[in-house]
Undergrad: 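Pasting a structure here, questions to come.
Small disclaimer: the values here were computed from a predicted structure and weren't measured.
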Amino acid sequence: MKFTRRTLLKFAGIGTVAIAMMPRVAFAARNSLRTVRTGVQPGNKTRLVIETGERPSYTVSYPANQLVITLANTAANTALAPTLAAGTLVRAITQVQSGDKLQIIADLTRPINEVPRDNIMLLSPNGDNDYRLVLDFAASSGAPVQTAASSTKKTSAPSRKYVVVIDAGHGGKDPGCIGKGGTQEKVVVLSVAKKLKSKLDAAGFQTYLTRSNDTYLKLAQRAAIGEKKHADLFLSLHANANPSRSMQGFSIYTLSEKASDEEAAKLADAENAADKIDVSGFEQFDKDIRIALSSLQQHAVAAMSVEYANGCASQFKRAKITQQPGPDVRHAPFAVLRSTVPGALIELGHLSNAAEEKLLKSSSHQDKLVAAIVKSVKAYNFDV
């Protein structure tokens, strides 16, 4: 099963933690510390996870043989017993309260260099998790490491060829939505998919297209390709339509049996209707997938999908690509996402909006979309 390659963002281990408290200064702390834990990552890396009730504002500093994360407007948690996994670079963790700031001080067994920005992630709440500040780091190049087998992982490319399956929605007898100017969704998304494959291949990923030409595929077939290729990530590309011609912007969705809102439910119904053109075979595949997925796997795949989707939305916004009003990530029962592979359905924009229809047809805007998706894939932590 796909789940055997990855784990939930939880770590178990042994160790002792010293909690040193400076005199408390009265202040109204907006944030609260929930958990602190460490884990071991591939390439002799240590992972430090700091979980807080609200989105943290933080800074990172590097005193000798220490890693210090300062959280603004946060109260220490004197009852907290952080979990230290064996075999990491962290030997102890101390909380120090200074006014309205909380310092999480990790005492290290080896010196480290500054943690690359790509190795610092801020994950939004999902499932049983609150906000998580995640830092991955290794011993500096001149320092001895604890294991003989060491590997260096560049932040600009994966350490192994992670597999990404790119699904260009619709195709063949199913054109998808059609803009007022006659632009067909199936044409736009195939063009973007091909460009995305080229860029991800160049970045060191192994990528596959569910379709490379104007071919009709059932939703079950698309999901099955992700399974067959043992994909690490499945991305389904679409373009949207809305009764309101003024509606515009991208939106990103993950699988959920219950839609996050009425609009997400309607969109899932519309996308799932593609199978009504030729429904034979999907019911059995869906049954097999549901049987194969245990509740734990469902939770894991959902958590990893949401993690990617949040990162993708952030990259789109950083690229100043217009976002559809509403939450960064929505959830609905999309048939194409029913598998053991983490994934997301990306609506690139609205063909029903005249201005956005022109953008979606333009090569330059497609390149802009592709660049944002490539960044989101590079930043996604495949090794969780």
Side-chain angles (χ1 to χ4, degrees), residues 3 6-22 24 27-42 45-62 66-109 112 115 119-138 295-296 298-308 310-311 329 342 380-381 383-384:
F3 177 65
R6 298 162 61 101
T7 61
L8 290 171
L9 294 174
K10 294 182 179 179
F11 303 93
I14 57 174
T16 57
V17 179
I19 301 180
M21 299 297 299
M22 293 181 66
R24 292 290 300 272
F27 68 97
R30 179 182 62 86
N31 211 346
S32 58
L33 183 64
R34 299 296 173 82
T35 65
V36 178
R37 55 190 184 265
T38 64
V40 179
Q41 292 291 292
K45 285 187 177 179
T46 292
R47 167 161 293 183
L48 173 62
V49 181
I50 300 171
E51 187 172 1
T52 57
E54 303 293 337
R55 186 181 183 89
S57 175
Y58 67 93
T59 59
V60 183
S61 57
Y62 307 87
Q66 287 184 331
L67 173 63
V68 179
I69 297 89
T70 301
L71 305 176
N73 203 20
T74 303
N77 185 346
T78 57
L80 176 65
T83 302
L84 300 185
T88 73
L89 294 173
V90 178
R91 67 181 180 211
I93 291 179
T94 304
Q95 296 181 52
V96 175
Q97 188 79 56
S98 178
D100 63 353
K101 295 180 180 180
L102 173 63
Q103 287 187 324
I104 305 296
I105 302 174
D107 292 326
L108 307 175
T109 60
I112 64 171
V115 182
N119 284 7
I120 302 177
M121 298 167 287
L122 183 53
L123 307 181
S124 298
N126 65 73
D128 296 329
N129 297 307
D130 289 316
Y131 285 95
R132 285 144 295 148
L133 177 60
V134 182
L135 299 92
D136 289 343
F137 51 92
S295 61
L296 178 59
Q298 290 178 22
H299 181 81
V301 171
M304 291 181 282
S305 298
V306 170
E307 177 188 336
Y308 169 77
N310 279 319
V329 177
Y380 179 55
N381 192 353
D383 292 322
V384 171

Undergrad: Measure the spacing between CG of L122 and OG1 of T52 and express it to the nearest 0.5 Å.
TA: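 So the gap between those two atoms works out to 7.5 Å.
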
Undergrad: Can you list the steps and then say if I69 with L48 is a side chain to side chain contact (heavy atoms under 4.5 Å, CB included)?
TA: CA-CA 10 Å; I69 297 89; L48 173 62; 3.7 Å; yes

Undergrad: Under the salt bridge (charged side-chain N to carboxylate O under 4.0 Å, His left out) test, which residues partner R55, sequence neighbours left out?
TA: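 If we apply the salt bridge (charged side-chain N to carboxylate O under 4.0 Å, His left out) test to R55, skipping adjacent residues, there are no hits.
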
Undergrad: Taking only residues two or more places apart in sequence or in another chain, which ones pass ring pair (Phe, Tyr, Trp, His ring centres under 6.0 Å) with F137?
TA: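 Scan of F137 (ring pair (Phe, Tyr, Trp, His ring centres under 6.0 Å), adjacent residues dropped) gives none.
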
Undergrad: Rounded to the nearest 0.5 Å, how far does OG1 of T35 lie from CG of L80?
TA: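 Separation between the atoms: 7.0 Å.
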
Undergrad: Apply the side-chain contact (heavy atoms from CB on, under 4.5 Å) test between M121 and each candidate in L133, V49, D136; give the one that qualifies.
TA: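 The option that passes is D136.
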
Undergrad: Once rounded to the nearest 0.5 Å, what's the spacing between atom CG of L123 and atom CD of E51?
TA: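 L123 atom CG to E51 atom CD measures 10.0 Å (nearest 0.5 Å).
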
Undergrad: Which heavy-atom pair separates P342 from S305 by the least distance, and what is that distance?
TA: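 The answer is CA-OG, 3.3 Å.
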
Undergrad: Can you sort out the partners of S61 under side chain to side chain contact (heavy atoms under 4.5 Å, CB included), two or more places apart, ordered by chain and number?
TA: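 By the side chain to side chain contact (heavy atoms under 4.5 Å, CB included) rule, S61 matches P63, V68.
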
Undergrad: Which heavy atom of Y62 sits nearest a heavy atom of V115, and at what distance?
TA: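 Smallest heavy-atom distance, with atoms named: OH-N, 3.0 Å.
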
Undergrad: Could I get the full list of side chain to side chain donor-acceptor pair (under 3.5 Å) partners for Q103, not counting sequence neighbours?
TA: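 With neighbours one apart ignored, the set is empty.
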
Undergrad: Return the minimal non-hydrogen interatomic distance between A75 and L102, and the atom names on each side.
TA: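 Minimum heavy-atom contact is O-CD2, 3.7 Å.
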
Undergrad: Kindly compute the distance separating CD (Q66) from CD1 (I93), expressed to the nearest 0.5 Å.
TA: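 Here the rounded value is 11.5 Å.
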
Undergrad: Ignoring hydrogens, what is the shortest heavy-atom contact between R37 and N129? Give both atom names and the distance.
TA: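 Here R37 and N129 meet closest at NH2-OD1, 4.1 Å.
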
Undergrad: Report the residues that fulfil side chain to side chain contact (heavy atoms under 4.5 Å, CB included) with E54, sequence neighbours left out, ordered by chain and then residue number.
TA: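 Expected list: R30, N31.
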
Undergrad: In the structure I gave you, are the side-chain heavy atoms of E307 and R132 within less than 4.5 Å of one another anywhere?
TA: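 E307 vs R132: side chains apart.
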
Undergrad: Could you walk me through whether I104 and L33 pass the side chain to side chain contact (heavy atoms under 4.5 Å, CB included) check?
TA: CA-CA 10 Å; I104 305 296; L33 183 64; 3.9 Å; yes

Undergrad: Applying side chain to side chain donor-acceptor pair (under 3.5 Å), name anything that partners D130, two or more places apart in sequence or on another chain.
TA: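 Testing D130 for side chain to side chain donor-acceptor pair (under 3.5 Å), a comparison that skips the adjacent residues, returns R34.
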
Undergrad: Check the pair Y58 / I120 against side chain to side chain contact (heavy atoms under 4.5 Å, CB included), numbers first and verdict last.
TA: CA-CA 11 Å; Y58 67 93; I120 302 177; 3.4 Å; yes

Undergrad: I want to check something: taking the side chain as every heavy atom from C-beta on, are V306 and S124 in contact at a cut-off of under 4.5 Å?
TA: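 No; the side chains remain at least 4.5 Å from each other.
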
Undergrad: Just to verify, what does T70 make a side chain to side chain donor-acceptor pair (under 3.5 Å) with, not counting sequence neighbours?
TA: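 Not a single residue meets the side chain to side chain donor-acceptor pair (under 3.5 Å) criterion with T70.
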
Undergrad: Just by modelled atom types, is the T38 backbone N or O under 3.5 Å from a matching donor or acceptor in the T88 side chain?
TA: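 No: the side chain of T88 does not pair with the backbone of T38.
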
Undergrad: Can you name the closest pair of heavy atoms from K101 and A72 and give their distance?
TA: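 Smallest interatomic distance, heavy atoms only, reads CG-CA, 4.4 Å.
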
Undergrad: Minimum heavy-atom separation for P56 to Y131, with atom names?
TA: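 Nearest heavy atoms, P56 then Y131: CD-CB, 4.0 Å.
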
Undergrad: Is there a side-chain contact between V60 and L67, using heavy atoms and a 4.5 Å cut-off?
TA: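 Answer yes - side chains close enough.
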
